[in-house]
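By convention in this document, chain letters (A, B, ...) are assigned in the order of the sequence lines, proteins followed by strands, and residues within each chain are numbered from 1.
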Number of protein chains: 2
Amino acid sequence: MTTTCATGQHDKHDVYAAQCPCRDVLDLLANKWSALAIGALEDGPRRFGALQRHLEGVSPKVLTATLRRLEDGGFVSRTVYPAVPPHVEYELTPLGRGVARPLAALRGWVEDHLHEIGPV
Amino acid sequence: MTTTCATGQHDKHDVYAAQCPCRDVLDLLANKWSALAIGALEDGPRRFGALQRHLEGVSPKVLTATLRRLEDGGFVSRTVYPAVPPHVEYELTPLGRGVARPLAALRGWVEDHLHEIGPV
DNA sequence: CTGTATCCATTGGGATACTG
DNA sequence: CAGTATCCCAATGGATACAG
């Protein structure tokens with residue numbers, strides 16, 4: 001069965017194809033907050049509050065939305081520890097650890113070359 | 001002069017710092033259209049129309065805005081060849097070729113692992 | 001051919017306030 | 001603590017149409 005990029009499965013995928021689902025994935029990952037959130041989880045599980053502090057300036061609403069989308073994509077897992085006060089931990093899945101590398105490379109490149117970059 | 005991340009210059013930069021200018025740079029690059037546009041220029045200069053066709057589905061307005069921001073950041077150069085009809089070529093600068101690598105890695109990762117990723 | 005010019009819909013995202 | 005609930009705005013982005 002020669003599946004197309006649009007229908008997904010095992011063919012070649014192409015981010016340049018308008019209807020390829022990988023477009024949506026790229027859109028999810030190639031995003032400031034996602035890139036930062038995934039990076040913040042590289043060293044192990046973190047709680048919501050810790051993430052919010054680490055991603056300076058992110059509002060709870062936006063952080064929640066970001067984490068939910070990453071969870072839906074299978075990049076992040078969310079674990080609730082029944083306790084009071086509530087205790088929730090976010091952690092990278094194996095998939096998340098996989099994509100963390102190219103994202104770390106991108107973040108690193110930006111930090112390393114900022115001095116060569118004009119005012120954006 | 002011990003410059004801070006906010007004022008830029010030669011200190012350590014941190015994408016996790018709210019006021020660090022590299023946040024804006026990350027925002028510019030960690031973006032679907034930017035990532036695609038830079039990738040489309042990896043193999044050499046391209047004209048506006050060629051880019052528009054290659055980045056399936058992008059409107060001229062959005063493509064122009066994307067290219068302008070990349071030009072401002074110093075990632076892309078824009079060359080006008082005086083002729084009729086107009087002839088304009090976009091090309092990666094050395095800086096653009098530098099960032100093209102982490103971006104290509106990200107695009108490649110998405111294409112390679114799409115089958116493991118849940119519906120986004 | 002290479003863009004602007006418009007118009008418009010969506011929404012990402014910021015600020016707070018508040019609740020289980 | 002970990003969000004949700006609102007409110008609201010600026011901006012992204014899509015679709016055409018049109019101009020130099």
Participant: For a quick check of understanding: with a heavy-atom distance under 4.0 Å over all strands, which category does Tyr81(B) fall into, base, sugar-phosphate or nothing?
Facilitator: nothing

Participant: Run the numbers on Glu91(B) and Leu41(B) for side chain to side chain contact (heavy atoms under 4.5 Å, CB included), then give the verdict.
Facilitator: CA-CA 6 Å; Glu91(B) 184 172 14; Leu41(B) 293 172; 6.0 Å; no

Participant: Not counting sequence neighbours, list each pair that qualifies as a salt bridge (Lys or Arg N to Asp or Glu O under 4.0 Å) and has a residue in residues 15-24 of chain B.
Facilitator: none

Participant: Within residues 35-55 of chain B, which residues have any heavy atom lying less than 4.0 Å from an atom of DNA chain D?
Facilitator: none

Participant: Could you give me the CA-CA distance, side-chain angles and deciding distance for Phe75(A) and Leu92(A), then say whether side chain to side chain contact (heavy atoms under 4.5 Å, CB included) is met?
Facilitator: CA-CA 6 Å; Phe75(A) 300 100; Leu92(A) 288 184; 5.6 Å; no

Participant: Could I get the full list of side chain to side chain donor-acceptor pair (under 3.5 Å) partners for Trp109(A), not counting sequence neighbours?
Facilitator: His113(A)

Participant: Got a sec, which residues hit side chain to side chain contact (heavy atoms under 4.5 Å, CB included) with Pro86(A), two or more places apart in sequence or on another chain?
Facilitator: none

Participant: Side chains of residues 58-73 of chain B: which donor-acceptor pairs under 3.5 Å do they make with residues two or more places apart or in other chains?
Facilitator:
unit_1   : atom_1 : unit_2   : atom_2 : d
Ser59(B) : OG     : Val62(B) : N      : 3.3
Thr64(B) : OG1    : Pro60(B) : O      : 2.8
Thr66(B) : OG1    : Val62(B) : O      : 2.8

Participant: Taking the nucleotide of DNA chain D with the closest heavy atom to each, which residue, Asn31(B) or Pro86(B), is nearer the 5' end?
Facilitator: Asn31(B)

Participant: Determine yes or no for a side-chain-to-main-chain donor-acceptor pair under 3.5 angstrom, with Glu56(B) supplying the side chain and Ala18(A) the backbone.
Facilitator: yes

Participant: Filter on salt bridge (Lys or Arg N to Asp or Glu O under 4.0 Å), then keep only pairs touching residues 31-47 of chain A, sequence neighbours left out; what's left?
Facilitator: Lys32(A)-Asp27(B), Glu42(A)-Arg107(A)

Participant: Which two nucleotides bound the region of DNA chain C that has atoms under 4.0 Å from heavy atoms of chain B, read 5' to 3'?
Facilitator: dC1(C) to dC7(C)

Participant: Are the side chain of Glu111(A) and the backbone N or O of Cys22(B) linked by a donor-acceptor pair below 3.5 Å?
Facilitator: no

Participant: Shoot me the first and last contacting nucleotide of DNA chain D against chain B, ordered 5' to 3', at under 4.0 angstrom to non-hydrogen atoms.
Facilitator: dG13(D) to dG20(D)

Participant: So what is the end-to-end bend of the helix from dC1(C)-dG20(D) to dG20(C)-dC1(D), with 5 pairs used at each end and the value given to 10 degrees?
Facilitator: 50°

Participant: Is the shortest side-chain heavy-atom distance between Leu114(B) and Cys20(A) below 4.5 Å?
Facilitator: yes

Participant: Any residue in residues 57-72 of chain A with a heavy atom nearer than 4.0 angstrom to DNA chain D? Just list them by number, or reply none.
Facilitator: Pro60(A), Lys61(A), Thr64(A), Arg68(A)

Participant: Tell me if a side-chain donor or acceptor on Thr93(B) pairs with a main-chain N or O of Gly74(B) at a distance below 3.5 Å.
Facilitator: yes

Participant: Name all residues meeting the ring-ring contact (aromatic ring centres under 6.0 Å, His included) criterion together with Tyr90(B); count only those two or more places apart in sequence or in a different chain, and write none if there are none.
Facilitator: none

Participant: Indicate the ring-plane relationship of His54(B) and Tyr16(A), choosing parallel, tilted or perpendicular according to the 30° and 60° boundaries.
Facilitator: tilted

Participant: Mind checking side chain to side chain contact (heavy atoms under 4.5 Å, CB included) for Val84(B) and listing every partner two or more places apart, or none if nothing turns up?
Facilitator: none

Participant: Just by modelled atom types, is the Leu28(B) backbone N or O under 3.5 Å from a matching donor or acceptor in the Ser34(B) side chain?
Facilitator: yes

